[in-house]
2 protein chains.
Amino acid sequence: MVTMSDVAKEADVSRATASYALRGDTRIAEKTRTKVLAAAKRLNYSANLSARSLRSGRNGVIGVAIFELDKPYPSQMSAAISREINAHGMQAIIQQTMNSREDEVSILRRVTSQLCDGTIFSPGNVSNEEMKALTHGKPIVLLDDPSVRPVFDSVMTASREGARTAVAHLLAQGCHRIGVVGSDLAILDEPSMKNSVAARRLSGCLEALEEGKRTLSPDSFIGLEPWDEDSARSLAHSLAAQGDFPFDGVFCITDSMALGMIRGLHECGISVPRDVAVIGFDGINESASYIPSLTTISTDREDLAHKAVSILLDDLNQPDGRTKPRRQTARFRLDVRESTMLGR
Amino acid sequence: MVTMSDVAKEADVSRATASYALRGDTRIAEKTRTKVLAAAKRLNYSANLSARSLRSGRNGVIGVAIFELDKPYPSQMSAAISREINAHGMQAIIQQTMNSREDEVSILRRVTSQLCDGTIFSPGNVSNEEMKALTHGKPIVLLDDPSVRPVFDSVMTASREGARTAVAHLLAQGCHRIGVVGSDLAILDEPSMKNSVAARRLSGCLEALEEGKRTLSPDSFIGLEPWDEDSARSLAHSLAAQGDFPFDGVFCITDSMALGMIRGLHECGISVPRDVAVIGFDGINESASYIPSLTTISTDREDLAHKAVSILLDDLNQPDGRTKPRRQTARFRLDVRESTMLGR
DNA sequence: TTGAAAGCGATACCAT
DNA sequence: ATGGTATCGCTTTCAA
């Protein structure tokens, strides 16, 4: 293990000078700097991140913590964030929270707050207070923070506007009986859930229905747990089993659920889009190549990653700088594909 | 930031005693230990991983480095490994190599060899010698190591046996004109590629064809780069454009390519499985719910993760213990689904 | 069984 | 512009 002392010795300078030179501090003479860099290169030196982190509290590593990595949306999102971090010359390390409180706490208190300069975190089961305590003041940017009263910076998906666009699209395609899959309306009565992803998507749906002058029937909103393919697939079976399928257009509030829904309908002999139009939300890669390809509200992952990383780097550069948390929203796009091309 | 000195003070013992007590060293009296643990709990203490790592070279963090995290196979594989690591009470951090030499080197030399106790690595563009130099002797387990002369421990997917099973299945389904998508036969003539995933899968195909007494036509083996959905989709188009589709059964050496192939065929009006049977390799989650669902050689990810982590932990516990690299192979299973159910 | 003190490899203050 | 040195928080001899 070659250390900075070795480099200093090789370059015939002090450790302090070597340290400054390697980091490009301006007060070191250009000639000295070149000499040190050459020595470091010769010895194939690379700084010890633990030591650096211990002493200075910084090591150029950013943590990304997100729920299941084997699900398309979180894995594609974390991949995009990781690329963006790399583009800024820093290293990204990704961890899965498994949507478990225990894992979230352990990630924040151990790895994140000790090995990383900052964190991009998709919160699930920890409160703002706990996060405050666990991160020891290190910068953190939340993804889709559901807080009613935000404490941390965050980047949101355009849930309300996106959902509104989705339902408006179904209406424009001529759907009359629209179903929404993911959550029931009760969530809107729960003040603490006001900013949850589910509530924001639902309220977008209501807006679109209102604009389209449609009366809303509470049982068109179907809660589902968990938000995954299998749940949606089962739901398709139970809806189909009731006789006539109750909807001619379905908005599933995540793409995974939409694909599960299509698959379930297929198993029941109901064809998308011939019999029912289906639209999703997220824009996972799989949606483009499914059969039928899925119309979806596609979150611009590069934009989201860019915004999250920018905010984090900004926090990193002005410690204790700001008091008011920033909240930005990622761009989205309606990707019209086969699943909503009703044969009329 | 509460440190061990704080805990020691609170418990009225020395720092050394606190350190031993917290780690459960047996020479500390049970009573003292309880006292220290209580103090730590009271102060909500948690050890600084950088400091621990700097001093002892160990911090309970395992690195996992794999290519694109937004592709189903690597993301699902790393999720499984991460879970397995957590099950052993350690933390996993995941990084993407992006299949780029530069990223691989930077991950190994910086994060992995400095912040982690050991690494599970999916090699792409670095040689064994480089890895030896970059990891500074820290344990490493490779995934699908292509080395002809292995230097590190590794866990392999059952490429040869799996591919053989896949082609045998197509034969059993009555296919007469079998195509293999992923690599052409030239790779088998390249000694250095002998143990590559492509070569091993191809040789499995040849075995099955031989057993089935089929003559092999070199142009039934089609190289593709990169191994992804889009490439396979394009290939389907160009094959279909030649007039009669040349195959009645296609083995794509990854599931992603198989799904792309099915989608491409669909776009050309060729139906799977009615017109062509398609089988994949990997067992990604998406294969089960595609329309049609995909028959595949499914690598047992839990088994692979278990084997990789076991080997790594073993290495960790007996430093410089062994000289001969171990090479294990993960279990696999043929999952027969709709895509090979020929309507005959 | 416990404690004192050295040291892991860097950084950053303070001198020079 | 450069160097000496204390220090980050922890582990680990070595003594007591």
Side-chain angles (χ1 to χ4, degrees), chain A residues 1-37 39-40 43-61 109-111 113-117 136-138 319, chain B residues 1-37 39-40 43-61 109-111 113-117 136-138 319:
Chain A
M1 175 98 268
V2 31
T3 75
M4 213 169 61
S5 298
D6 300 324
V7 174
K9 201 176 297 170
E10 172 85 9
D12 205 37
V13 294
S14 73
R15 269 164 50 213
T17 301
S19 174
Y20 288 129
L22 286 169
R23 283 173 298 148
D25 192 300
T26 49
R27 62 187 136 169
I28 299 295
E30 185 53 34
K31 226 178 67 184
T32 318
R33 207 177 83 87
T34 324
K35 190 172 64 176
V36 173
L37 289 182
L43 298 181
N44 198 18
Y45 167 78
S46 114
N48 183 311
L49 295 187
S50 295
R52 172 175 291 174
S53 176
L54 178 59
R55 179 60 232 230
S56 73
R58 288 286 206 95
N59 63 6
V61 176
R109 91 171 307 165
R110 298 173 65 86
V111 184
S113 65
Q114 309 203 337
L115 299 181
C116 301
D117 296 353
H136 294 108
K138 287 220 185 171
Chain B
M1 175 95 269
V2 29
T3 75
M4 214 169 61
S5 297
D6 299 325
V7 175
K9 202 175 298 170
E10 171 84 10
D12 204 39
V13 295
S14 72
R15 270 163 48 214
T17 303
S19 174
Y20 288 130
L22 286 169
R23 284 173 296 146
D25 193 299
T26 48
R27 62 188 135 169
I28 300 294
E30 185 53 33
K31 225 176 71 183
T32 317
R33 205 177 85 87
T34 323
K35 190 171 61 174
V36 173
L37 289 182
L43 299 180
N44 199 17
Y45 168 78
S46 115
N48 182 311
L49 295 187
S50 296
R52 172 175 292 173
S53 175
L54 178 58
R55 179 60 231 237
S56 72
R58 288 288 205 93
N59 64 4
V61 176
R109 90 172 306 167
R110 298 172 65 85
V111 184
S113 64
Q114 310 201 338
L115 298 181
C116 301
D117 297 353
H136 294 109
K138 285 219 187 173

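Within every chain, numbering begins at 1; the chains are lettered A, B, ... in the order of the sequence lines, protein sequences first and strands thereafter. All values reported here derive from a predicted model rather than from experimental measurement.
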Test item: side-chain donor near acceptor, [X] and [Y], under 3.5 Å:
X     : Y      : value
B:N44 : A:R109 : yes
B:R15 : B:S19  : no
A:S53 : A:S50  : no

Nucleotide of C:dG9, C:dG3, D:dG3 approaching B:Y20 most closely (side-chain heavy atoms): C:dG3
Picking from C:dG3, C:dC8, D:dT12, the nucleotide nearest the side-chain atoms of B:S56 would be D:dT12
Base, sugar-phosphate alone, or nothing: which one does [X] contact when heavy atoms must sit under 4.0 Å apart?
X     : value
A:S53 : nothing
A:A29 : sugar-phosphate
B:S19 : base
B:R52 : sugar-phosphate
A:R23 : sugar-phosphate

Please tell me which of B:S50 and B:A16 maps to the more 5' nucleotide of DNA chain D, matching each residue to the nucleotide holding its nearest heavy atom. B:S50
For B:A18 and for B:A51, find the nucleotide of DNA chain C with the closest heavy atom, then tell me which residue's nucleotide is more 5'. B:A18
Main chain of A:L49, side chain of B:Q114: is a donor-acceptor contact present, judged purely on distance under 3.5 Å? yes
Without decimals, in angstroms, what is the distance between [X] [atom1] and [N] [atom2]?
X      : N      : atom1 : atom2 : answer
B:Q114 : C:dG9  : CD    : P     : 11 Å
A:N48  : C:dT11 : CG    : P     : 10 Å
B:R27  : D:dA15 : CZ    : P     : 14 Å
A:K35  : D:dG3  : NZ    : C1'   : 13 Å
B:D25  : D:dC14 : CG    : P     : 16 Å
B:L54  : D:dT7  : CG    : P     : 17 Å
A:L22  : C:dA10 : CG    : P     : 9 Å
B:M4   : D:dC10 : CE    : P     : 6 Å

Is the shortest side-chain N/O distance from B:T32 to OP1 or OP2 of C:dT1 below 4.0 Å? no
Would you say a side-chain N or O of A:S14 is under 4.0 Å from OP1 or OP2 of D:dT2? no
Please state whether the base of D:dC10 and the side chain of B:Y45 form at least one donor-acceptor pair under 3.5 Å? no
Do A:R55 and D:dT7 have a side chain to base donor-acceptor pair shorter than 3.5 Å? yes
Salt-bridge present (A:R27, A:D25; N to O < 4.0 Å): yes
